[in-house]
Protein chains: 2
Amino acid sequence: MLYLIGLGLSDETDITVKGLAIVKKASRVYLEAYTSILLVDKSILEQYYGREVILADREMVESASDDILHDAQNVDVAFLVVGDPFGATTHTDLVLRARSLNIPISTIPNASIMSAIGATGLQLYNFGQTVSMVFFTDSWKPASFYDRIRENRAIGLHTLVLLDIKVKEQSLENMARGRKVYEEPRYMTVGQCAGQMLEIEEVKRGEGQDQAGVYTEESLAVGVARVGGRTEKFVSGTLKQLCNADEELGGPLHSLVLLGRRTHELESDYVREFAVDKEGWDRIWKRDYAGQQ
Amino acid sequence: MLYLIGLGLSDETDITVKGLAIVKKASRVYLEAYTSILLVDKSILEQYYGREVILADREMVESASDDILHDAQNVDVAFLVVGDPFGATTHTDLVLRARSLNIPISTIPNASIMSAIGATGLQLYNFGQTVSMVFFTDSWKPASFYDRIRENRAIGLHTLVLLDIKVKEQSLENMARGRKVYEEPRYMTVGQCAGQMLEIEEVKRGEGQDQAGVYTEESLAVGVARVGGRTEKFVSGTLKQLCNADEELGGPLHSLVLLGRRTHELESDYVREFAVDKEGWDRIWKRDYAGQQ
């Protein structure tokens, strides 16, 4: 059996009782650690489970999935995924491959950022499609998120923005030379995300007014850090204010929610509590959001 | 401290290790059991936790929340919620009340149907806003879901439809007479949901063509039952086919996903596996969905 087991969002004790029992008795245990991370290291997990955990990087999951699935017709293989196994990243490829090998599959769900984001007090019913933000480079600033946010905002919905993480990445030079030397891991912050959002708004404005104006420096948003963890932190404010909220938010992982105009008053009351500047929040809320359902 | 603890979706072992430790040592343990249910009874939970669990009905949570919060400045109170504490139903009222009483709050996230629905193989990124479907009566057929599905479909997104449950409901007669006699619990099925969706489409068609046509009898959808449980079941097909899939799906809880035209081929491949009629699925997929991104 191939077990896809969600680990939740924070530490080793966020696994479910059901999931832990499977990990303890499986023949092999893999940890997918390139699309998200827990706030604890692999060694902590190994100690907690009392057994070895094999790190599965992107290469292994995408190109060497048969190693992971080896003999899973006969023995139990546990594939651990931070969050929910079918959360932000789905492992449909791996499951389709397992299916084609007649390997039975079982999923143990867990918390995902896609639902845990409800801890902001914003109603999950009022979220539109989720978007991803990648690290911009000088020559690569993909802006497809902008049109998706436009679609969400046109119908008044919130947008969850998931932020890029870079683990086990090679520099272009090392890649060109075939050197398996990896860069330090990088985790995008709320400040970087808000900055990139405003940068693209600026670009769109330059391209012509009718394509721009999806949001402004004064659009309200919530920055979140380490959701579901003991040190969970929320900071709300305008996109401009959130450009400078990284220190208050602290370490990774960060996400951001851009508010839609269909925001309910109870949602605003709840989120206002985390505002950088409560008076400013109230002024903008009253001007741009209240009663706009 | 007030602990809001998610129980996950299926049975007593879906609680997280962290959540279970808190339940075992809290002074009082409440179970919110009117917006969703686990697939096991309260008595199983009590046996598993080794302690009493107090059932919190809607009345208690909405009108007598101070009983729940009593002395939580000094002792630990655990409030258990099926799924994630901030999932389909948010308990913002309870949390705002706790805040006003200076009670510290901690949330233990868990799987929610809002993310576990990814187990269908449909990408969570491609979902729009979630809608709810209530039981229609002869005189009350609320159709606000229809406009929200229209918004999702206009931009090509999937829609998760959460289905009504009725627990501890009084008949109109018993309510009028003030008799605290409750009806048998009822859980909406995928068949009932698909039937009501097609009924409203019919009504809209009668009201004028420009308001209608959000979906048809041949729109593709996935019916799901007991997601995350050992007996999890998926059936895919047209809305018309799903009207008759209840037997195959089995007992509660059910949900339904209406596909958006932005469906990726890999998503279709995955979901097709559960199709009532694979050839019919392929024909409609090719005609109405493939390459419509």
Side-chain angles (χ1 to χ4, degrees), chain A residues 4 6 8-21 83-88 90 92-93 95-96 99 106-132 148 151-152 154-155 157 227-228 230 232 266-267 269-270 273, chain B residues 4 6 8-21 83-88 90 92-93 95-96 99 106-132 148 151-152 154-155 157 227-228 230 232 266-267 269-270 273:
Chain A
L4 300 165
L9 297 166
S10 172
D11 65 36
E12 70 279 12
T13 62
D14 286 322
I15 194 170
T16 64
V17 175
K18 188 184 284 173
L20 183 59
D84 185 82
F86 289 100
T90 66
T92 34
D93 278 334
V95 174
L96 286 172
R99 266 193 202 163
S106 179
T107 304
I108 312 296
N110 207 323
S112 158
I113 183 65
M114 313 281 270
S115 50
I117 195 67
T120 52
L122 298 173
Q123 304 259 355
L124 292 183
Y125 282 100
N126 293 338
F127 279 75
Q129 58 199 316
T130 298
V131 303
S132 293
R148 302 209 155 197
E151 291 170 343
N152 286 344
I155 49 179
L157 300 175
V227 173
R230 269 175 256 267
E232 175 180 82
L266 203 63
E267 295 178 273
D269 283 356
Y270 199 101
E273 197 72 17
Chain B
L4 299 166
L9 296 166
S10 172
D11 65 37
E12 70 279 12
T13 63
D14 286 323
I15 194 169
T16 64
V17 174
K18 188 184 283 172
L20 182 60
D84 184 81
F86 289 100
T90 66
T92 35
D93 278 334
V95 173
L96 285 171
R99 266 194 202 162
S106 180
T107 305
I108 313 297
N110 206 323
S112 157
I113 182 68
M114 313 280 271
S115 51
I117 196 66
T120 52
L122 299 172
Q123 304 258 355
L124 292 183
Y125 282 101
N126 293 339
F127 279 76
Q129 58 198 317
T130 297
V131 304
S132 292
R148 302 208 155 196
E151 290 170 343
N152 286 345
I155 48 179
L157 301 175
V227 174
R230 268 175 257 268
E232 174 179 83
L266 203 63
E267 294 179 273
D269 283 356
Y270 199 101
E273 197 71 19

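Residue numbering restarts at 1 for every chain, and letters A, B, ... go by the order of the sequence lines. Quick note: numbers below take in every heavy atom, side chains included, and nothing from hydrogens, waters or symmetry partners.
- Interface remark: A/Val131 contributes backbone atoms only to the contact with chain B (heavy atom separation under 4.5 Å).
- Comparing B/Leu20, B/Asn126, B/Val95 by heavy-atom pairs within less than 4.5 Å of chain A, the highest count is held by B/Val95.
- With respect to chain B, the highest number of heavy-atom pairs below 4.5 Å among A/Leu9, A/Asp11, A/Thr107, A/Asp14 belongs to A/Asp14.
- When the candidates B/Ala116, B/Gly19, B/Ala119, B/Gly128 are compared by the number of heavy-atom contacts under 4.5 Å with chain A, B/Ala119 comes out ahead.
- Interatomic distance, CG of A/Asp84 versus CE of B/Met114, reported as 13.5 Å (0.5 Å rounding).
- Among B/Ile108, B/Leu266, B/Thr16, the residue with the largest count of heavy-atom pairs under 4.5 Å with chain A is B/Thr16.
- Nearest heavy atom pair, residue A/Lys18 against residue B/Gly228, reads NZ-O, 4.3 Å.
- Annotation for B/Ser132 and A/Tyr125: closest pair OG-OH, 3.0 Å, computed over non-hydrogen atoms.
- Ranked by non-hydrogen atom pairs under 4.5 Å with chain B, the options A/Ile117, A/Leu96, A/Thr120 are led by A/Leu96.
- Contacts between A/Tyr270 and chain B at a heavy-atom distance below 4.5 Å involve backbone atoms as well as side-chain atoms.
- In this structure, A/Gln123 CD and B/Thr92 OG1 are separated by 5.5 Å, a value rounded to the nearest 0.5 Å.
- Side-chain contact check for B/Thr130 versus A/Leu124: every heavy-atom pair is 4.5 Å or farther apart.
- In terms of heavy atoms, B/Arg99 sits closest to A/Asp269 at NH1-O, 4.2 Å.
- Among A/Asn110, A/Val227, A/Asn152, A/Leu157, the residue with the largest count of heavy-atom pairs under 4.5 Å with chain B is A/Asn110.
- Side-chain atoms of A/Arg148 and B/Ile155, non-hydrogen and from C-beta on, never get closer than 4.5 Å to each other.
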